[in-house]
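Structure first, commentary second.
Each chain gets a letter, A, B and so on, in the order the sequences are listed, and its residues count up from 1.
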There are 2 protein chains.
Amino acid sequence: MKKPTLKDIAKAAGVSIATVSYVLNKTPNQTIPAETVCRIQDIANQLGYIPNLAARSLVKQKTGLIGILINRLEHESLSRQLTYASLVNQMEQELTGQGYHVIVSSLDPAAPKLDIIAERKLDGVFLIDVKQMSFHTISSRFPSGVPLIVIDSLIDDPLFYKVNADLEGALREAAAQVGEEVARCLVMEACNNVELGRSIRRHSGLQDRDILVMQQERELELFLRSRKQHKVIVIGEFLGAVTAKYAAASDLCVIAVADCPQIVPAGAGLVSFAQNKASVACRLMFQLMEQSAELPEDKYVWVHAE
Amino acid sequence: MKKPTLKDIAKAAGVSIATVSYVLNKTPNQTIPAETVCRIQDIANQLGYIPNLAARSLVKQKTGLIGILINRLEHESLSRQLTYASLVNQMEQELTGQGYHVIVSSLDPAAPKLDIIAERKLDGVFLIDVKQMSFHTISSRFPSGVPLIVIDSLIDDPLFYKVNADLEGALREAAAQVGEEVARCLVMEACNNVELGRSIRRHSGLQDRDILVMQQERELELFLRSRKQHKVIVIGEFLGAVTAKYAAASDLCVIAVADCPQIVPAGAGLVSFAQNKASVACRLMFQLMEQSAELPEDKYVWVHAE
DNA sequence: CTGAAAGCGCTAACAT
DNA sequence: ATGTTAGCGCTTTCAG
């Protein structure tokens, strides 16, 4: 009852294994009599033949596998996990829709091993929230030529595309919504990419003491308790939902980086984005993989706030 | 600059390709002089050798790949997507932690193709929310012997383990929380597995008109508008968060099937579970894969409410 | 029009 | 103690 292989079909059909391969792959420029074609196809799906993609990959040097690799944090907040779970979910559906198989893998923050790229001969890779430093020590030892897109990271490397939310614009919009003149503070997620954190803090126009880079939920309560008079700008819907437990919705303004605006509590302000980060990243990946000519010139691709 | 193979290392070290394989895999019962071992190891990581797992799988008949296959719905609500995104996220981390590589794939509800199991020779498979019917028509044509665990589905098939939340217990607990005597209604997600939906409705002890099987968010507002006096029991944290936009938190009781209780609005009731569905399912999978003796007898595994 | 054969990169039984 | 060899399942060139 084991899985039939090309050989089994060939034997059953009384033809060579090559012929079967030609028929089942509809290899062009191979002229095979319709009668034989039919017989082989019949036998194939009668036997329930399913090709072994590992074997195929080995010879074709293409695996049809795309990796989504996520740099975790030592202690990840639930909201951060959900944000990336949702991103992965959106990307997976786009990629699966195009016939790719998607490998999702968490990277140990202490020692991010990118071996999986070479081991599995991934056709394309998304890297989420990478530390600038570990990126450099590692980028040297990994297979050049693999389409690689970095997400949620400001990385000074001319080789790779970087897809990020335009948080500068989003923060401006948020400030406008809550009113420039009122006291406000910012709640954001911790992340590996230091540059990104720095950039956000800078563009918020706030003092460091009015910014909470959240690592554990209980810090939130403390932080907000002493800021009852403030409007609270929150980056991320899930963090927003958690924050809503400690602040009035009307004092909240959520920047919807996860493309899940429906999760934002009623009454809270909302800054959303014109495009979807997952779609943008996937589209870019498809272009990279088919070596499309119309690639964006700038390696920094921004998803803009609206 | 292409990736080095065993052959390259063998050539560089002046030994046979088999010897290299022995050394790099620390194959037991092979006595190789320490000097040779060292030399080979040196050359290997100097060249940056990384094994090709496709080739290895081909001969070992083990791929180290685990699949998580999700049956989608025609029009999936955001809350359902998040629930499964979160489940997948938790499972991925457990599986990756054990050294497996995880393939996540969405199944077209109209024509769920399970070919990926055979194509990629998956070592284990999780199937989420399967329609009883499509399961049978399909289970026949798929590789028997692959450890398969079905999640969130009541399926009458003695072959496979089924991991489900004990919603009967959870609903009882929820009813107790809101008070048996007050008017209440139930909001739940639509799903593929008809049996599961039926079982929930039955155990809720409510009339069908007091149950909303949500497919689109705007049905929610309508449903709740005419039930201002009711306590609302909601299955799922994310659905709960969305529901909180149309009902007072104090009227809500959320059954936390996604193991994300923190997302539940403040002031709402909460029914949570003693164990985590992702952990339970993964643990079971590990046992199945190592042919452990101590497998549960009952093919239905329940995660109990507390 | 069809098939033999080489080879993708690796493992494991079998010789030496 | 190490090497030879036969595959794993598939694609593809090149003869027939």
(request) Pick out which of A:Q41, A:E35, A:R39 makes a side-chain contact (heavy atoms from CB on, under 4.5 Å) with A:V37. (result) A:Q41
(message) Return whichever of B:G14 or B:K121 has its heavy-atom-nearest nucleotide of DNA chain D closer to the 5' end.
(response) B:G14
(message) Using heavy-atom distances to pick each residue's nearest nucleotide on DNA chain D, tell me which of A:K7 and B:V15 is more 5'.
(response) B:V15
Counting only side-chain nitrogens and oxygens, does [X] get under 4.0 Å of the OP1 or OP2 atom of [N]?
| X | N | value |
| --- | --- | --- |
| B:T5 | C:dG9 | no |
| A:S21 | D:dT11 | yes |
| B:S16 | D:dT4 | no |

How many Å lie between [atom1] on [X] and [atom2] on [N], as a whole number?
| X | N | atom1 | atom2 | value |
| --- | --- | --- | --- | --- |
| A:N25 | D:dT13 | CG | P | 13 Å |
| A:K11 | C:dT2 | NZ | C1' | 19 Å |
| A:K3 | D:dC8 | NZ | C1' | 17 Å |
| A:K62 | C:dC8 | NZ | C1' | 15 Å |
| B:R120 | D:dC8 | CZ | P | 21 Å |
| A:I17 | D:dT13 | CD1 | P | 16 Å |
| A:D8 | D:dC8 | CG | P | 10 Å |
| B:N52 | D:dC8 | CG | C1' | 13 Å |

(message) At 4.0 Å (heavy atoms only), tell me whether B:T36 reaches a base, stays on the sugar-phosphate, or touches nothing.
(response) sugar-phosphate
(message) Measuring only between side-chain heavy atoms, which start at C-beta, is A:L122 closer than 4.5 Å to A:I66?
(response) no
From C-beta outward on [X], which listed nucleotide comes closest to its side chain: [options]?
| X | options | result |
| --- | --- | --- |
| A:A18 | D:dG9, C:dG9, C:dA4 | C:dA4 |
| A:K60 | D:dT12, D:dC8, C:dC8 | D:dT12 |
| A:A55 | D:dC8, D:dC10, D:dT11 | D:dC10 |
| A:L6 | D:dG3, D:dT11, C:dG9 | D:dT11 |
| A:V59 | C:dC8, C:dT11, C:dG9 | C:dC8 |

(request) Verify whether one side chain among A:Y84 and A:D129 offers a donor that lies under 3.5 Å from an acceptor in the other. (result) no
(request) Answer with yes or no whether the side chains of A:Q90 and B:Q81 bring together a donor and an acceptor at under 3.5 Å. (result) no
(request) Go through the N and O atoms of the side chain of A:Y49 and the base of D:dG9, and report whether any donor-acceptor pair is under 3.5 Å. (result) no
(message) Looking at A:Y22 and D:dT13, is any side-chain donor or acceptor paired with a base atom of the opposite kind under 3.5 Å?
(response) yes
